[in-house]
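Order of the sequence lines sets the chain letters (A, B, ...), proteins ahead of strands, with each chain counted from 1. When reading the values below, keep in mind they use all heavy atoms of this one structure, side chains included, and skip hydrogens, waters and symmetry mates.
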Amino acid sequence: MANKASVVHWFRLDLRIHDNLALRNAINEAENRQYYLRPVFIIDPDIKERVGVNRLRFLFQSLQDLDSNLRKLNSRLFILKGTADELFSKLFDQWQVKYLTSQIDIDPEIVKQDEIVDRLAEEKGIFIVRRVQHTVYDFHSVLKKNNGSVPLTYQKFLSLVKDIKVKETIEITKTLSDYCKPPDSTCEEYNVPSLNDLGIDESSLKSCKYHGGETEGLKRLNLYMEKKNWVCKFEKPNTSPNSIEPSTTVLSPYLSHGCLSSKLFYHRLKGVENGVAHSQPPVSLLGQLMWREFYYTAGAGTENFDKMVGNAVCTQIPWGKNDKYLKAWSEGMTGYPFVDAIMRQLKQEGWIHHLARHMVACFLTRGDLWISWEEGARVFEDYLLDYDWSLNAGNWMWLSASAFFYKYFRVYSPVAFGKKTDKEGLFIRKYVPELKKYPTEYIYEPWKAPKSVQRTAGCVVGEGYPQRIVDHDKIHKENMQKMAAAYKVNKEKKSLKRKLT
DNA sequence: CGGTCAGTTGAACAT
DNA sequence: CATGTTCAACTGACC
């Protein structure tokens, strides 16, 4: 057993070696004091309930890559199974931990856990270091600059960060000294488990389209940063939600897992834009990164950001409950081919284009099904590879016109919207294969096809493919009246509150 | 307090 | 095909 003190770096969503300040702090401490270095990742027993299978696969691939990158530095990853408080209450003594580093997270569950670990560490006299490294900017200083209140528009956020100089990235170049290697470094019980070890049959999953890990993340970053002209001309609204291959970078899963540093992405983008004409936020690629920062800041500064009730920025809307509709939506069985194609792509591949998210989120909430954005957010949490606590809640509030966006009467048409970028319906034919032989005329509206055409195409609506669960033209108008009523109530409440204060 | 203005990306239709 | 207008149901920041 260890007879020497240890430094622990606790990896969470910072699954990388590059630009990882907390990790470098840990390494320096271990080197300077000749302590053991133990980079750990904790796998919670109920991880399967919290993380969907595709994201689990991405996570485990990222852990595997992280382990192999740590080994190149003469270290390794120690996988621990259990809850953080139970594990640490034992290991702090057993490993003689003196110094614990990690990144700062804002997800309330992680914050709660950190408070428990803080108390535990205080009892044992362990020094804790937590670093901002999930975002470009430190949300704390941005909020302070805005007198402690949350910036509620993107432009306001941009004006707040305009003059903040972004720090340089941090690299670890030296390999670790042998004396930092704990004696149990070769122990196999700390190895990264497979999905099968967790009781998931990996062969039951769809083929892996986006492979997790720092190595893949950096490769993908380099691939896109080489296309300088493409980067400089990038305008988000002009990219396609329904191209067969993604029309955007798909760096988001790498950012959300911390396989890729957002700060590195920032500096690389600045480098490409430097001295050349380029598009601007909000539509530019750098603008996309700033959206992430905006939501992160809003999430960090708002109580109950992931809920409607008790959330100061969220308009209270009397959403209905309809489990049948919710299930049809989440399984891609609404009877609207464009909506279903998007939801099936999401479920199978774990990533959909941002505008595709707009389409299905609007459909679930204010547009058609009148179901709470919180339900949609839960399904996205399950399906998305790039799930991120504040971005998910923020975007769902945006799309349901609960916060940040208020022109609720601008509703996406499940028939017209997709046609702008895919007249032939190739995207639908791929992800809703039962309709692949439909004539282009009917591919977005198969129920309009004459029975004989449906039979010739090999799929009768109501048999091989569901009938529409709602009539968009009719129901979206009813929903607009409900939205108007909810806004009116909200306004009255606000003016009442103003009078009282 | 009130007026003004801008706000990542709607649809349908006209020119 | 790109651009502009209408539909009519908005809010937050700022002065």
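The aromatic rings of A:W389 and A:F305 sit tilted relative to each other, their planes meeting at an angle between 30° and 60°. Using bins of under 30°, 30° to 60° and over 60° for the plane-to-plane angle, the ring pair A:H358/A:Y412 lands in the perpendicular bin.
In this structure, the ring-ring contact (aromatic ring centres under 6.0 Å, His included) partners of A:F363, at least two apart in sequence or on a different chain, are A:Y336. Every residue meeting the ring-ring contact (aromatic ring centres under 6.0 Å, His included) condition with A:F404, not counting sequence neighbours, appears here in chain and number order: A:F294, A:Y295. Applying the ring-ring contact (aromatic ring centres under 6.0 Å, His included) test to A:Y406 and every residue at least two apart in sequence or in another chain returns nothing.
The span of DNA chain C lying next to chain A, judged by atoms under 4.0 Å from heavy atoms, is bounded 5' to 3' by C:dA9 to C:dC14.
Put simply, the residue from A:K263, A:K167, A:R268, A:R131 that forms a salt bridge (charged side-chain N to carboxylate O under 4.0 Å, His left out) with A:D19 is A:K263. With respect to A:F58, the ring-ring contact (aromatic ring centres under 6.0 Å, His included) criterion is satisfied by exactly one of A:Y254, A:W351, A:Y383, A:Y387: A:Y254.
Nucleotides C:dA13 and B:dC1, compared at atom P, are 16 Å apart to the nearest Å. The gap from the C1' atom of B:dG2 to that of C:dA9 amounts to 22 Å, rounded to the nearest Å. Nucleotides B:dT8 and C:dC14 are separated by 14 Å at their P atoms, to the nearest Å. Taking atom P on both C:dA8 and B:dA14, the two are 16 Å apart, rounded to the nearest angstrom.
Remark: A:E424 does not engage A:R429 in a salt bridge, criterion side-chain N to carboxylate O under 4.0 Å. Using a 4.0 Å cut-off between charged side-chain N and carboxylate O, A:E109 and A:K112 make no salt bridge. Salt-bridge check for A:D46 with A:R50: passed, with a basic side-chain N closer than 4.0 Å to an acidic carboxylate O.
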* DNA chain B in dot-bracket, Watson-Crick or G-U pairs under 3.5 Å, [ ] crossing, | other strand? -> .||||||..||||||
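For A:W230 and A:F234, the distance between ring centers is under 6.0 angstrom.
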* Structure fact -> Each nucleotide of nucleotides 6-15 of chain B classed B (base within 4.0 Å of a protein heavy atom), S (only sugar-phosphate) or -, in 5' to 3' order, makes -BBBBSS---
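If you find the closest nucleotide of DNA chain C to A:N146 and to A:Y408, the one lying nearer the 5' end belongs to A:Y408.
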